[in-house]
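Below is one structure, written out as structure tokens, with a few remarks after it.
So that the names make sense, note that chain A is the first sequence line, chain B the second, and so on, each numbered from 1.
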Number of protein chains: 2
Amino acid sequence: MTHDRPKTRRPTIYDVAKQAGVSPSLVSLVLQNPVRVSEKRRDAVQAAITELGYRPSQAATALASSRTKSIGLVIDDYRNLWFVDLLRGMESVLTEEGYRVMLADSRPGENRISEAVDGLLAMHVDGLVIAAEPSASMLTAAGVPTVVAGWRNGVPAGADLITNDDDGGGAMAAHHLLGLGHTRIGHLSGFGGAAAHRRAGFAGRLRDAGADMRVVGEAGGTSEEDGYASACWLLDHHPDTTAIFAANDTMALGAFGAIKARGLAVPSQISVIGYDNSTLAKSRYLELTSVDNRSDLVGKEAAKVLLARIESGAPSSGRTLIAPTLVVRGTTAPLPG
Amino acid sequence: MTHDRPKTRRPTIYDVAKQAGVSPSLVSLVLQNPVRVSEKRRDAVQAAITELGYRPSQAATALASSRTKSIGLVIDDYRNLWFVDLLRGMESVLTEEGYRVMLADSRPGENRISEAVDGLLAMHVDGLVIAAEPSASMLTAAGVPTVVAGWRNGVPAGADLITNDDDGGGAMAAHHLLGLGHTRIGHLSGFGGAAAHRRAGFAGRLRDAGADMRVVGEAGGTSEEDGYASACWLLDHHPDTTAIFAANDTMALGAFGAIKARGLAVPSQISVIGYDNSTLAKSRYLELTSVDNRSDLVGKEAAKVLLARIESGAPSSGRTLIAPTLVVRGTTAPLPG
DNA sequence: GCGGCATTTTGTAGCGCTACAATTTTTACG
DNA sequence: CGTAAAAATTGTAGCGCTACAAAATGCCGC
């Protein structure tokens, strides 16, 4: 109306200022800290913003303030659904403070973690949560506060560690099965830090109780297929097994396949317990007893630590373990006979 | 070495230029179009970049060039794994052209799509793929080229539509079951565009064949729980049903729960077919026959269309349907008796 | 060796925003 | 009503990069 600004250009802070009859600085101030502006001007600016459909340019803000109010989250694979709880936990803390989360996956198997981190750093994220196995090349945390979530190996120097207590979860599973009277117990494990801790916690408790434990697939993958293969081996070589602890729910699903193929009944003949308390475990069809690693709490804690380090330069807090909980459903039962 | 630059600051293009003995403009040129720079300078610049650990500032680049070489992808819920294939399909096309994908979910149930879009637009994405039910408020595509993927209702004006041929997929499922001799067939449906098209395609084919179709849950959700409830109703009110088509694999899992509870056997007494060909369908335990909607192809196509519109200002291409395929596994069998 | 042309390199002027000091307005109170 | 202090507002100078015109250099044949 005032003049012929090309229609395609998005409105800038100057357009808003002109419209509201104030200086650009004032508009900026309204955007950042409305309380410090008199009500009269604040309303005028807000009105101009809505009328023009103004949207601040993230790029310009980032450049000028060297803060983006965003946290980068690196996950290993979108298909590993545990990150969803982690993300929700983070967001529950971050949105209140006006932060947003930027997600990047590290292309499973391609070791592209550093690439994902690079991308996020290029976007000027204020902090980083790494929820994937840190690569050897990341010896030192990049220039921003960093938290490693859910993994314990290769934590870069200067990074905090907040992770599920996988030892404790393994011990819980063992405790549960022992309490039901099982003594010949199989464990479907896999390669990687989390699996190793679950295995260790599980084994420790069984050893203390003098139970007979058979571990399979310590060096293998953790997919449904791997669970199936490991369970087949287990059931064929130790047919007297009465309970199976799978390192995750997906592997437990694989175990069900092997059990079904052998005509065994769950839980009357064999008990199964998984890990992750995924939607799979919650389904009516499986009703899988599972350990819930409370990734939501890991996310919350990670966000809190990060915010503290970003906003007040708090020092690294070291390592924090989040206690898991056991969710008992229909796939575990007292020892038959 | 040359002077006392604070250690905390990340190196800029000026630092690189000084180090390499060239002008900042030349460094910028190397970054964008190395071919136009003489080999001598190019090598010098590259050396300086690696030595200083220089990483371009996305914010500054975006601001100065008003391009970010990034595409925003809005999904409805990270737990709906179909987006993973979509994403991979997009990336397979985009990475070659140097584009990256930024993901945002629209907080299921909260109708926060516009919020997600706002966030991405603030980041100056060059294009947008919306893989969620567009809200009514998004009548017109935002300032950037937009593609709606996988939904057919409420496509904003000016946006392209690239979607799975859900009608065709439904018809495929019907064709498969009819071919096996089934005539009393249940369908677990749900609210939403995709489910409606699967239902329509399925119903059309059954009607043509004169088969008896029972639809449940047209207005309900599409979770495992919903599938369970709908299947329960179906089996209790139409006990003569010999085949079930679920609108997605998760609902099929729910159906398994209901079938199991009633002591029926799959596939000898009742056939089940799902949709999505998810990891669930592929598992050994379920071996679920399922329609694969080829979301990877949708992603590829969406990326191509977007690139064409971004790079050469090509006009909107309208709508494109991607043909699904049927994957037959162990849960469908000829009509018993 | 030199004009004429193509190729390579560089200076200048922003992109849209914020930080911060400087300025103006308001408020408090003798 | 005056004046100091507090509160509100504004101007200036970048943030790190790119676009583009202008300048410098290289190359060619004669």
For this session: Determine the contact category for A/R67: base if any of its heavy atoms lies under 4.0 Å from a base atom, sugar-phosphate if only primed atoms, P, OP1 or OP2 are that close, otherwise nothing.
Result: sugar-phosphate
Problem set entry | Partners meeting salt bridge (Lys or Arg N to Asp or Glu O under 4.0 Å) with B/R41 (sequence neighbours left out) | none
For this session: For A/R309, enumerate each residue passing the salt bridge (Lys or Arg N to Asp or Glu O under 4.0 Å) test, keeping only those at least two apart in sequence or located in another chain.
Result: A/D160
Exercise. Taking for each residue the nucleotide of DNA chain C bearing the nearest heavy atom, is the 5' side occupied by B/V35 or by B/A60?
Worked result: B/V35
Problem set entry | Under 4.0 angstrom between B/S38 side-chain N/O and C/dT7 OP1 or OP2 | no
Seminar exercise, completed: Per-helix bend value, the helix from C/dG1-D/dC30 to C/dG30-D/dC1, C1' rotation axes over five pairs per end, 10° rounding, shows 30°
Problem set entry | Those residues that, when tested against B/F191, pass side-chain contact (heavy atoms from CB on, under 4.5 Å) (two or more places apart) | none
Exercise. Under the side-chain contact (heavy atoms from CB on, under 4.5 Å) test, which residues partner A/R294, sequence neighbours left out?
Worked result: A/D292, A/D296, A/L297, A/I322, A/T325
For this session: Just jot down the salt bridge (Lys or Arg N to Asp or Glu O under 4.0 Å) partners of B/D85, sequence neighbours excluded, or say none.
Result: none
Problem set entry | Within residues 21-37 of chain B or reaching into it, pairs that qualify as side-chain hydrogen bond (donor to acceptor under 3.5 Å, both in side chains) - sequence neighbours excluded | B/S28-B/Q32
Exercise. To the nearest angstrom, how far is B/D15 atom CG from D/dC17 atom P?
Worked result: 9 Å
Seminar exercise, completed: B/H124 atom NE2 is separated from D/dC17 atom C1', nearest whole Å, by 13 Å
Problem set entry | Length of the NZ-P vector between A/K18 and C/dG16, whole Å | 13 Å
Exercise. Between B/K40 (NZ) and C/dT8 (C1'), how many Å, whole number?
Worked result: 11 Å
For this session: Could you please name the option among D/dT18, D/dG16, C/dC17 that lies closest to any side-chain atom of B/T12?
Result: D/dG16
Exercise. Is there a side-chain polar atom (N or O) of A/S28 under 4.0 Å from OP1 or OP2 of C/dT18?
Worked result: yes
Exercise. Rounded to whole angstrom units, what separation is found between the CZ atom of A/R42 and the C1' atom of D/dA7?
Worked result: 13 Å
Exercise. So does B/Q58 get a side-chain nitrogen or oxygen closer than 4.0 Å to the phosphate oxygens (OP1/OP2) of D/dG16?
Worked result: no
For this session: Identify whether the distance between the nearest side-chain nitrogen and carboxylate oxygen of A/D118 and B/R100 falls below 4.0 Å.
Result: no
Exercise. For B/R42, what residues pass the salt bridge (Lys or Arg N to Asp or Glu O under 4.0 Å) criterion, not counting sequence neighbours?
Worked result: none
Exercise. Using a cut-off of 4.0 Å on non-hydrogen atoms, how would the nucleic acid contact of B/V37 be classed: base, sugar-phosphate, or nothing?
Worked result: sugar-phosphate
Any N/O pairs under 3.5 Å between the protein and nucleotides 10-12 of chain D? List them or say none.
| from | atom 1 | to | atom 2 | distance (Å) |
| --- | --- | --- | --- | --- |
| D/dT10 | OP2 | A/S23 | N | 3.0 |
| D/dT10 | OP2 | A/S23 | OG | 3.0 |
| D/dT10 | O5' | A/S23 | OG | 3.4 |
| D/dG11 | N7 | A/S25 | OG | 3.1 |
| D/dG11 | O6 | A/S25 | OG | 2.7 |

Problem set entry | Nearest-neighbour nucleotide for the B/L63 side chain, D/dG16, C/dT9, C/dT18 considered | D/dG16
For this session: Spell out, as yes or no, whether a donor-acceptor pair under 3.5 Å connects the side chain of A/S65 to the backbone of A/L63.
Result: no
Exercise. A/T50 side chain to A/Q46 main-chain N or O, any donor-acceptor pair under 3.5 Å?
Worked result: yes
Seminar exercise, completed: Closest to the side chain of A/R36, out of C/dT9, D/dC17, D/dT9, is D/dT9
For this session: Return the value, rounded to whole Å, for the distance between atom CE of B/M123 and atom P of C/dG16.
Result: 17 Å
For this session: Could you state the atom-to-atom distance from CD of A/E39 to P of D/dA8 in whole Å?
Result: 12 Å
Seminar exercise, completed: Rounded to whole Å, CG of B/N33 lies from P of C/dT8 at a distance of 11 Å
